[in-house]
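These notes are about the structure you will find just below.
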Amino acid sequence: MVAIELKPCPQCHEVPEIGYCCGEYFIFHPSKVVGTCFCSSFTEMHSSEETEIKAWNRRVEDEQRKKANGC
């Protein structure tokens with residue numbers, strides 16, 4: 001199985017980290033500062049690390065498409 005890598009945040013360009021608590025995986029900002037950055041506002045949680053990574057990467061791609069289309 002090939003590991004899926006997290007895409008960098010489209011706002012701060014840092015690669016976020018994945019945490020695990022109470023049976024759920026979640027994304028958090030690498031500097032651990034909660035603020036208005038795109039990666040600190042991602043609130044989806046999933047029961048598998050792979051699903052969490054795919055959700056994050058999909059959200060990053062959506063954000064990049066919005067910026068490319070001038071939204």
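Computed from a predicted structure; not experimentally measured. Hydrogens, waters and symmetry mates play no part in the numbers below; they use all other heavy atoms, side chains included.
- Using a 4.5 Å cut-off on side-chain heavy atoms (C-beta onward), Met45 and Tyr20 make no contact.
- Side-chain atoms of Glu17 do not come within 3.5 Å of backbone N or O of Phe28 as any donor-acceptor pair.
- Rounded to the nearest 0.5 angstrom, Asn57 CG and Ile4 CD1 are separated by 7.5 Å.
- Annotation: the span from Lys67 atom NZ to Asp62 atom CG amounts to 13.0 Å, rounded to 0.5 Å.
- Glu61 pairs by the salt bridge (Lys or Arg N to Asp or Glu O under 4.0 Å) definition with Lys7, not counting sequence neighbours.
- Of all heavy-atom pairs spanning Ile53 and Glu5, the tightest one is CG2-O, 4.0 Å.
- The side-chain contact (heavy atoms from CB on, under 4.5 Å) search around Phe38 returns Cys9, Pro10, Gln11, Trp56, Arg59, Val60, Glu63, not counting sequence neighbours.
- Looking at residues two or more places apart in sequence or on another chain, you find a side-chain contact (heavy atoms from CB on, under 4.5 Å) between Glu14 and Cys12, His29, Pro30.
- Applying the side-chain hydrogen bond (donor to acceptor under 3.5 Å, both in side chains) criterion to Ser48, with sequence neighbours excluded, gives Thr51.
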Show the numbers, then the answer: is there a side chain to side chain contact (heavy atoms under 4.5 Å, CB included) between Ser47 and Tyr25?
-> CA-CA 6 Å; Ser47 60; Tyr25 289 89; over 6 Å; no

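- The heavy-atom pair separating Cys39 from Ile27 by the smallest distance is O-CG2, 4.0 Å.
- Remark: Gln64 engages no residue in a side-chain hydrogen bond (donor to acceptor under 3.5 Å, both in side chains) (not counting sequence neighbours).
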